[in-house]
Amino acid sequence: MIRKEYPQLREVYWEEVLPNGLRIRIVPKPDFARKYAFFATNFGAIDTRFTVDGQRVTVPDGIAHYLEHKMFDMPQGDAMQEFARCGGNPNAFTSYDLTAYYFDCTENFEENLKILTQMVFMPYFTQASVDKERGIIAQEIRMYDDNADSRASERLFAALFQHHPVRVPIAGTVQSIQDITPQMLYQCHKTFYDPSNMMLCVVGDVVPQRVVELVAKLAPESVGQTVVRDYGAPEKLERPSQSVQMQMDISMPKFDIGFRCQPPGSDALQSELIGDLAAEILMGESSPLYGRLYKAGKIDDSFGAGYESTKGVAMLTVDGDSDVPQEVLAEILKEAERVGAEGFDLARFERLKKSAIGRRMRSLDSFEGICYQMCAHFFEGVDYFAFPHSYAGVTPQQVQAFLRQTVRADRMAISMIYPTQQEETSC
Amino acid sequence: MILLNRRIEILPGIFLRTVTSDKFKTGCFSVNLLRPLCSAEAAKNALVPSVLLRATAQYPDIAAITDHLDDLYGATLGALVRKKGEVQMVGFYADFIEDCFVPEPVFAPMVDFLGQVLCDPLLQDGCFTPEAVEGERQNLIRVMQARIDEKRSYATSQMLQTMCQAEAYSEPRLGNAEELEDVTPQNLYAHYQNLLATSRIEIFYLGRQPEQVVADCFTKALRGIQRRACVAVSTQVVQRADAVRRCSKQMDVTQGKLSLGLRTGCTVTDANYPALMLLNSILGGGVSSKLFHNVREKRSLCYYANSVLEKYKGIMVISSGVALDQMQTAEAAILKELDDCRNGVISRQELDDAKRAVLSALAAWRDAPGALDDYYLGMAVAEGMQDLDALAQAVKPLQLADVQAAAQNLTLDTVFYLTGVEK
């Protein structure tokens, strides 16, 4: 087991890679009653087309999320109840690029970890249990359908990209989940829940050696398949801008704007930091643009911008509520052109860096944050705790170049949702 | 290390509670003005912190304020409005990196800045600037209008407004838009002066600074405030519901929402509150609850079904997201689980699981600054409320009969359906 120290962050982690390829990281947190374990697999909603040992496979949209729901079924019953017996509080989520299962507890940590480890490596699906879940997941999809924020961003991704599977909602559609069978779930589990494709991160007052020993006993051997993922042809960065809109029962219009960026290369963390700093420089709260739009009442404090990426695509997104989303967009494009050409105040750039480092350091107070960032970045090939070092390397020139190349009409799409009329209450 | 200190009065009617801890990288504080919840002032009170955050004499616009906070390593100072029973708390929440992680001090400048925001706002002709007042008035109205966007919380708030229509509690946390119609820079500033002078102020701090340093900093920052006698705050509790009220609303949704309001006959200061808390956990508190397990998992009737307590007011709210054609079935299924609790149909396992979940949550609160802030402010509002340790001790010996008794005290008051529009 190796120990890595990050003096500036005052953080340490222990790491062990088991013979089956499972990577385990433990971040000791003495003084905390709470203990947290997070099992992530490098398999998300976008992984619907792939080749296993040379054989092509296509699975229905939403299968990663469906699998997440069904992993809680174990031969001896429902894992939820087993956690409850041990005082553990479990949950799970699926994102575009990973699926994670986690619990927190204050006692019986090892028993809870045992349940979690057994659960992720023990698929158990029957036709009846898979059929029964369809109703629950369909309800979940309908709930997202009624949520304007998720609707706006799902529609943005569909407009922004031409082939990439990020165009499809994470949970799939009510239609697409109809075809999911136990066999497909078994196949996805075998392909992607291989220890060599997974990572466990534990935070809390635990003994690292005991965590490794316990998990080593329960984790299976690697199946050793060769998996190649297929996200379609590379997305064209430059093409005519897209605009989509719809109506929902909401109070004021919402917008979600995206600008396609070059997908991250070898240093995904640095791309992320450059993208976030560029968003701050151009339209953060201390920017002239934000001040102007806010003062004019064109945006409110729901306005936000940042960098997002997943395998094969990256984008700068801007969202918020506004009565005049098109005017907001026009002002963003105009200001980006100016900043891209003229540059920006270097003192402000340094201040924003300082602020960003401070906020990222503080986010390490969150056990959830540590685990998610560690795993998501590891799957991208980077060590998240290196962020202070990465920030130090970001130059104003990089940020300016990013803005000049990215925030342009031929890189963008906008998704808007407008209010419909309301009905009356009967009481 | 975590040290809970006593609540102390640092200035007349201004109280400070500190928790000294070196566990976190983030230090935090909140400053809260306590007001009786009522339509005469709720919306105006809610507007004040946002107006104050627009500009101070020294930092005259949002960009200048943001620059200053960026310089303090990305510290945040945000407006915070809470509703605890029939008490409205308005003020600010700050979090910032602990001094030991960075080369310059952050804590003392943050308290100083808070002092400027409260005591030295940017003024024009002796009152708030028209730009700040009008801008934030519009923003607040939009936030109020946006309540319909989140269907889940919207259904709950509609239900509560019906349930408590004759009580102060029906006033929403942020008030209503009509209450802002006659707001001007002059009358809002005058209102603010009255707020500052007559509100009890409760401050919570958590971080590495010793209590005395924190007390000194806040005393220095706030000593300019002119204080008068504080307005009293309290909550009226309705013990039982007489009959069930029903109401509904149609909207263009694909999933229905069901919201049930019950009177618990018990608030956070009552001796049987721990039993009510445990009952809530058994009925709808989490993934081992009856609602989750039986209504969602076993019968697949809904995507979510849970229950929460409004512990200061004596209300339980049960919420569920249900397919449009299953609303009545889901309501009946939920009420059956409630009846089971009343009849003592609770297994040893359910009782033990719930107890473990409650105790674990209470223990974990000490690891969560925001939860501690909220808990200790609650103690400042509800006199006689137990601290976390005492509450945990009271939960441990509870038996089936205690939980059953708590369930028998529940009376269903209001049922609200949010349904789809026929197309």
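These values consider heavy atoms only, across backbone and side chains, with no hydrogens, waters or symmetry-generated copies. Residue numbering restarts at 1 for every chain, and letters A, B, ... go by the order of the sequence lines.
- Residue D352(B): no heavy atom, backbone or side chain, is found under 4.5 Å from chain A.
- Using a 4.5 Å cut-off between heavy atoms, E136(B) touches chain A through its side chain atoms alone.
- For D345(A), no part sits under 4.5 Å from any heavy atom of chain B, backbone or side chain.
- Considering all non-hydrogen atoms of both residues, D22(B) and D31(A) come closest at OD1-OD2, 4.0 Å.
- Nearest heavy atom pair, residue F292(B) against residue M80(A), reads CZ-CE, 4.3 Å.
- For chain A, no part of Q138(B) is nearby; none of its heavy atoms comes within less than 4.5 Å.
- With a 4.5 angstrom heavy-atom cutoff, A323(B) touches chain A via backbone and side-chain atoms both.
- In this structure, no portion of R245(B) lies under 4.5 Å from any heavy atom of chain A.
- Interface residue K151(B): only side-chain heavy atoms are found under 4.5 Å from chain A.
- Heavy-atom distances place the side chain of K257(B), and not its backbone, under 4.5 Å from chain A.
- Listed for the D367(B) side chain is a donor-acceptor partner under 3.5 Å among the backbone atoms of R34(A).
- The existence of a salt bridge linking R142(B) and D321(A) is excluded, since no basic side-chain nitrogen approaches an acidic carboxylate oxygen closer than 4.0 Å.
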ask   = Would N139(B) and Y294(A) satisfy side chain to side chain contact (heavy atoms under 4.5 Å, CB included), going step by step from the backbone distance to the final call?
value = CA-CA 10 Å; N139(B) 283 345; Y294(A) 192 93; 2.9 Å; yes
message = salt bridge (charged side-chain N to carboxylate O under 4.0 Å, His left out), that's the test. Do K354(A) and D70(B) meet it? Break it down for me.
response = CA-CA 7 Å; K354(A) 189 171 156 185; D70(B) 282 340; over 6 Å; no
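- Using a 4.5 Å cut-off between heavy atoms, T76(B) touches chain A through backbone and side chain atoms alike.
- Of the candidates R142(A), E140(A), Q139(A), E140(A) is the only one forming a side-chain hydrogen bond (donor to acceptor under 3.5 Å, both in side chains) with Y303(B).
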